[in-house]
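Report on one structure; see the data block that follows.
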Amino acid sequence: MADAKVVFTSIRCTCFLAFLLRLCLIAYGEWQDKNMVVKYTDIDYHVFTDAARHIMEGNSPYLRPTYRYTPLLAVLLTPNISLHMCFGKVLFVLFDVLAGYLLYKILCVRGCSDSRAVVTSWLWLFNPLPLTVSTRGNAESIMAVLVLASIYFVLVKNVPLAAIFFALSVHFKIFPIIYGLPLVLLVGDAAYNSKKPNIARREDKHKSPGYIYQAIQFILHPQRVKFAVISAATFLGLTGLLYKRYGFEFLEHTYLYHVTRRDVKHNFSVYFYMMYLVEGSGWASVLGLASFIPQLVLTVTFGIVYYHDIPFCCFLQTFAFVTFNKVCTSQYFLWYLCLLPLILDSVNIRLQKVIVLTAAWFVSQALWLTAAYYLEFEGLNTFVFIWAAGVAFFIVNIVILNQLVQHYKMKPLVKKVE
Amino acid sequence: MFLKFCCRNVRETNFLTIIFIVVLSFESCISRDKRSCGEVFVQRSQNKSGFHRDLVTNVEWDILSSVGDHSNLLDCQLLLIEELPSGIFIDVDQIKNAVEFGGPEVLSTETINVELLAHHASSHKIFVFPKIAFDSRLGTINANITIPIHLRYHPAAEGTKFVSVSLSSPTIVGRCNGINSPAKQCGTTPFKAPCDATQLFSCDWIPLNSVSKDQSQSNMPLVLRVPVGQIEHTWLIIALTVLSTMAGCGLILWNSLAIT
């Protein structure tokens with residue numbers, strides 16, 4: 001019995017079961033696609049496949065309208081054409097399981113016991129949301145792996161690999177750029193680079209003769225320079241190569257579209273109705289820029305205040321970024337959901353409160369979905385109700401963020417370096 | 001004398017009446033054939049409400065009176081040419097998925113952007129090739145076509161909660177393989193359009209005149225109502241949204257800095 005428990009809580013068994021479960025879902029998806037009008041496969045998966053076909057034919061993936069990703073994704077999925085249509089889904093599922101494995105590794109590095117780390121990784125590996133997202137053919141799991149890999153490598157003090165994975169994640173989706181500040185601050189931190197953090201900090205301060213010298217020393221810290229140079233070289237090198245091959249189209253669809261995206265159709269964002277009402281007027285760009293300020297202020301503040309606990313810091317930054325974003329869909333929740341298992345030990349909130357907050361998060365979403373259903377499928381004018389539900393969801397998110405900040409307990413950088 | 005005159009007149013009158021009736025019958029027969037030659041009965045409706053609806057079109061074509069019985073009627077085809085206004089779009093991928101479940105094949109000669117708002121989009125012409133059923137008893141071809149359509153977001157309006165989008169009746173044409181110039185039989189000019197959804201070749205089609213079984217609905221456009229934002233909400237929504245986001249941001253900022 002005890003052996004069975006040990007096997008069940010081993011990471012290998014967990015990953016194998018998670019992979020098997022996902023394969024079953026892919027098989028079910030194939031059946032649904034063949035037998036039902038409503039398809040299981042995400043429309044984006046067909047977009048990726050069409051883009052991969054263009055790559056196979058030696059053309060630009062951007063010949064496929066609405067392909068707004070890096071050409072590397074289309075290249076990765078060329079076996080969809082040459083091997084089997086399901087190749088991409090299996091690949092995404094592998095990335096999904098790898099993300100779960102990285103969560104386990106990070107938790108171990110942070111001093112979590114093996115069995116506790118495995119059980120915590122279940123929050124991702126057996127979570128219905130990432131499970132369905134990857135098996136439907138959505139590429140979010142690649143992002144999760146890239147972000148978690150950069151966190152893992154920074155925690156095990158492998159700065160070059162952390163920088164490379166960070167640059168790759170920014171290349172795949174721009175939003176991880178917000179992790180740049182805490183990562184740079186962390187790799188140059190005295191405590192990070194010393195086995196005796198407090199002494200190192202004191203020595204550092206005594207050595208510095210003036211503010212300017214301190215500032216230069218701070219910026220030009222060898223680890224920081226190393227991280228910045230490697231990540232910039234990776235990012236710019238990839239961008240340069242792909243720009244040379246695919247021209248301005250690549251910049252436009254991979255980066256610029258996501259930065260300038262202004263979608264006024266109903267979504268979870270608190271800004272949705274306001275942006276819709278001012279659409280086409282001079283106020284649209286003013287309010288669009290103004291709404292960027294809270295996002296910027298909070299991500300920078302969290303980056304500076306919590307960089308020493310990088311998983312917690314990245315979670316807070318992503319949560320704030322999504323909460324204050326002008327566009328928010330349920331796909332965006334995955335961006336912070338992959339970091340959620342890492343912060344459980346960083347906060348000290350009573351279980352009752354956790355349950356209430358989680359329930360409030362789901363209930364406010366349900367309120368929004370009800371109002372949105374009546375607009376989208378019943379044709380009723382419920383714009384004001386959608387806006388009100390969006391504000392309620394925003395308030396719940398603010399309360400959660402506030403609770404996390406208030407109940408944060410300082411974690412050491414790394415307990416065990418592998 | 002009078003009787004003789006009367007009888008002769010009656011006989012002549014009868015004779016003239018018979019000729020008149022025969023001529024009239026013949027005329028009416030010819031004219032009926034001419035009218036039905038290029039006519040289709042069309043019934044149009046829409047299912048569902050909201051932004052995603054089903055456009056349902058029932059077409060009944062009296063094929064025998066149009067092309068005669070010398071062709072293989074199973075080889076006959078119908079084509080509906082729909083002019084979608086800027087407020088409506090179709091998702092070509094969604095329609096392709098429904099083909100194997102009995103949905104029509106749809107050809108769009110241009111790429112349809114499914115993300116644009118109504119005032120940034122343009123109208124689209126689509127060619128709908130329905131699956132047809134032949135009624136041998138009545139000698140008609142029937143097609144029940146359901147196309148999923150989507151309404152675009154429209155700009156916010158003042159003093160109203162809804163705006164209307166009109167969808168005009170489709171142009172309906174038909175053709176039968178093996179007939180060189182089918183349109184000439186109906187005395188109409190052939191209509192050039194793609195032969196099928198692959199758009200590889202162009203064919204001559206017979207322009208058909210749509211007639212509604214309910215005369216009051218003949219050629220009437222479908223009017224769809226779309227909910228829109230209300231301009232009069234603008235300032236209140238801006239004020240409350242900015243206030244709540246600034247308050248939320250300030251609270252988090254205060255707490256994270258204070259605790260540090």
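Just so we're on the same page: letters track the sequence lines, and every chain starts at 1. Note that this is a predicted model, so its numbers are computed, not measured.
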In terms of side-chain geometry, is the basic nitrogen of Arg53(B) or Glu376(A) positioned less than 4.0 Å from the acidic oxygen of its partner?
no

Is it true that Arg64(A) and Asp93(B) make a salt bridge, defined as a side-chain N closer than 4.0 Å to a carboxylate O?
yes

Would you mind checking which part of [X] comes under 4.5 Å of any heavy atom in chain B, side chain (CB onward), backbone (N, CA, C, O), both or neither?
{"X": "Val264(A)", "answer": "both"}
{"X": "Met275(A)", "answer": "neither"}
{"X": "Asn35(A)", "answer": "backbone"}
{"X": "His266(A)", "answer": "both"}

Quick one: pull up [atom1] in [X] and [atom2] in [Y] and give me the separation to the nearest 0.5 Å.
{"X": "Ile43(A)", "Y": "Gln94(B)", "atom1": "CD1", "atom2": "CD", "result": "9.0 Å"}
{"X": "Gln403(A)", "Y": "Asn255(B)", "atom1": "CD", "atom2": "CG", "result": "9.5 Å"}
{"X": "Leu298(A)", "Y": "Cys249(B)", "atom1": "CG", "atom2": "SG", "result": "4.0 Å"}

Taking atom NZ of Lys265(A) as the centre, report whether more than 12 heavy atoms of other residues, nucleotides or ligands fall under 6.0 Å from it.
yes

Above 12 or not: heavy atoms from other molecules or residues under 6.0 Å from NZ of Lys131(B)?
yes

Ranked by heavy-atom pairs below 4.5 Å to chain B, first place among Phe302(A), Tyr276(A), Phe377(A) goes to Tyr276(A)

Over all atoms of both residues, closest heavy-atom pair of [X] and [Y]:
{"X": "Tyr306(A)", "Y": "Ser256(B)", "value": "OH-CB, 3.7 Å"}
{"X": "Ile398(A)", "Y": "Ile252(B)", "value": "O-CD1, 3.4 Å"}
{"X": "Gln230(B)", "Y": "Tyr273(A)", "value": "N-OH, 3.2 Å"}
{"X": "Ile238(B)", "Y": "Val278(A)", "value": "CD1-CG1, 3.7 Å"}
{"X": "Lys39(A)", "Y": "Phe101(B)", "value": "NZ-CE1, 3.4 Å"}
{"X": "Asn381(A)", "Y": "Lys161(B)", "value": "ND2-O, 2.8 Å"}

Criterion side chain to side chain contact (heavy atoms under 4.5 Å, CB included) on Thr301(A) and Leu257(B), from CA distance to verdict:
CA-CA 8 Å; Thr301(A) 307; Leu257(B) 291 175; 3.9 Å; yes

Heavy-atom contact with chain A under 4.5 Å, split by part of [X]:
{"X": "Glu100(B)", "answer": "side chain"}
{"X": "Thr245(B)", "answer": "both"}
{"X": "Val226(B)", "answer": "neither"}
{"X": "His150(B)", "answer": "neither"}
{"X": "Leu117(B)", "answer": "side chain"}

Which word best sums up how the rings of Tyr153(B) and Phe272(A) line up, parallel for under 30°, tilted for 30 to 60°, or perpendicular for over 60°?
perpendicular

Any chance the side chains of His120(B) and Glu279(A) put a donor and an acceptor closer than 3.5 Å?
no

Can you pull out the residues in residues 281-295 of chain A with any heavy atom less than 4.5 Å from chain B?
Trp283(A), Leu287(A), Pro294(A)

Within the 4.5 Å heavy-atom criterion, are Leu380(A) and Pro227(B) side-chain neighbours or not?
no

Who wins among Val242(B), Thr111(B), Asn113(B), Leu240(B) for the most heavy-atom pairs under 4.5 Å with chain A?
Leu240(B)

Main-chain N/O of Thr241(B) paired with Tyr271(A) side-chain donor or acceptor, under 3.5 Å:
no

